[in-house]
Each structure stands twice: as structure tokens, then as C-alpha cells.
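Just so it is clear: chains get the letters A, B, ... in the order the sequence lines come, proteins before strands, and each one is counted from 1.
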Amino acid sequence: MSTHPNNQSPEAKPFKDMKIHTFGAAKDITGSAMIDFPVEETFVKVKDLKSLLFQKYPELVHLPSLAISVNLFYASEETMVNKHDEVALIPPVSGG
Amino acid sequence: MEHHISIEKDIDINAAYQHLIHPKSGGICTFIGTVRDLNNDKDVSHLFFEAYEKMAILKMQELAQEAAQEWPLHKIVIIHAVGEKKITDPVVFIGASSAHRDAAFAASRYLIDRLKEVVPIWKKETYQDHSTWINAHP
């Protein structure tokens, strides 16, 4: 057991997982408004990130669409995401 | 061109209108989206709106800039509500003011249509026995 004073606090491993915001139907599926999602590399393509998410949360596949935003902009499938970016799952929108 | 863009718990219609007044404007066009009691033949008891606020504000600012490039406008207002909303409550307020009415009508139409397509806001409808998130766009 480590004696590091911050071992049990989230601050001890701030860069381990990608933090992903979720909304609407996607939030219901993941069960949380913010998920800690493990990705091995620092950079990952949006389409690969989506594949990983679909593996962990198969119900996401059934959404009519699932966009990914990176730093508040809609990303394309080929966009490279840095795991420190602000990432969000955007199911079909229904404002207005 | 000035704009007022915000996400609020409750929309103050008169305050929203005040943002549109401009001495060079001869026309102010507003659109107010409200909660209706029926959707897909089911009785709606209430709605809940959720927003990705930072991104929603940014997208609404982009839409305002697009409208300002397309039409000669003096003021634009875009306000969306979040939280639980009852039947007849206003949930979105769109407004544009311009020297003549054509630009104000066209810009208002553009802003509400595009808002519904791209702004990250979600609506959950609650009926008598269950609730569901609405998938509108795409």
C-alpha cells in the first residue's frame, strides 16, 4: 500500500482517464453527467473513442446519432482528441 | 450589431424585448417557443430542459454572427430556458430588430431553425406514466 498522502484523492491521478461530459439520453445510458473514461494513448481519434465508448456502453449504439464535441466544437470522426481536452457526448439535440 | 444571448431558469419576456429596442429600428420581430400539452398524440404533463451551457452559448453566438452577416440587423436576442417547464411556459425567445421588417422576420426564422438543429440543448418530455428524451436533430 502506498504511503503517498494523495493516494486516495482524485488529485493524485489527474491525467489517468479522459473526463467526458454526457447529456440527455447519453447521460441516462452512462449513468453519470461526467464519466472517467480510460484511454491508453494521450491522443485518440474521435471514431476510435466512439468505438471504445460503444464497447463499454452498448446502448449508445441505439441513439439516432451521437456527436462528440471537443473544446466546445463539434468534432469530425477523424478529429484527434487529446485526453486533456474538454470532451462531451452530444445525443440528438431537441432545444427550442 | 449588438446581441444578448443567455440561458436562464425563467425567461422574462419584457426584459428580453427591452434588449431589442433600437432608435434606428423600425421593426422588431420575436418568436417565443412554448410548451404544448400534446406531442405524438400523448398528453404531456411537463418538460425538462438540459443544456451544455458553455457550448450552447458559443453556438448561439455563432448563429447571431451568421445572421448579422446575412441581414442588416441592429439587435439580436437569443434566450433559452433550462429546468422544469410547465404547459404554456416560454422555453425559447428569439428576437431581431432592423430598419425594415423583412430582415427581422428572416433573421428570426433563421435563428430558431438553426438553434433547433445545432445548439446542444435537450428536452425530456414527461407523460402521465413515463418520460423520454426527445431526439429531434438529426
Heavy-atom neighbours of [X] [atom1] exceed 12 at 6.0 Å:
| X | atom1 | value |
| --- | --- | --- |
| B:Lys42 | NZ | yes |
| A:Glu59 | CD | no |
| A:Tyr57 | OH | yes |

Report task. Grab the two heavy atoms, one from B:Pro138 and one from A:Pro92, that are nearest each other, plus how far apart they are. Result ->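 Smallest interatomic distance, heavy atoms only, reads O-CB, 4.0 Å.
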**Report entry** Exercise: identify the closest heavy-atom pair between B:Tyr52 and A:Ala88
**Finding:**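 Nearest heavy atoms, B:Tyr52 then A:Ala88: CE2-CB, 3.4 Å.
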With a 4.5 angstrom heavy-atom cut-off, which part of [X] approaches chain A: side chain, backbone, both or neither?
| X | answer |
| --- | --- |
| B:Ala81 | neither |
| B:Phe49 | side chain |
| B:Trp133 | side chain |
| B:Ile134 | both |
| B:Val91 | side chain |
| B:Glu117 | backbone |
| B:His137 | both |
| B:Lys54 | both |

Under a 4.5 Å side-chain heavy-atom rule over Ile, Leu, Val, Met, Phe, Trp and Tyr, are [X] and [Y] clustered together?
| X | Y | answer |
| --- | --- | --- |
| B:Ile94 | B:Val77 | no |
| B:Ile28 | B:Phe31 | no |
| A:Ile35 | A:Val70 | yes |
| B:Leu47 | B:Tyr127 | yes |
| A:Val61 | A:Ile29 | yes |

Report task. Check whether any side-chain heavy atom of B:Lys123 sits under 4.5 Å from a side-chain heavy atom of A:Val93, and report yes or no. Result ->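 SC-SC contact between B:Lys123 and A:Val93 ruled out.
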Query raised in the report: Hey, does A:Tyr74 have a side-chain heavy atom less than 4.5 Å from the side chain of B:Met55?
Result: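 Heavy-atom side-chain distance check passes, below 4.5 Å.
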Hey, could you give me the [atom1]/[atom2] distance between [X] and [Y], rounded to the nearest 0.5 Å?
| X | Y | atom1 | atom2 | result |
| --- | --- | --- | --- | --- |
| A:Phe73 | B:Leu58 | CZ | CG | 4.5 Å |
| A:Ile90 | B:Ile121 | CD1 | CD1 | 11.0 Å |
| A:Ser94 | B:Asn135 | OG | CG | 7.0 Å |

Query raised in the report: Okay, side chain of B:His80, backbone of A:Gly96: is any donor-acceptor separation there less than 3.5 Å?
Result: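 Answer holds: yes.
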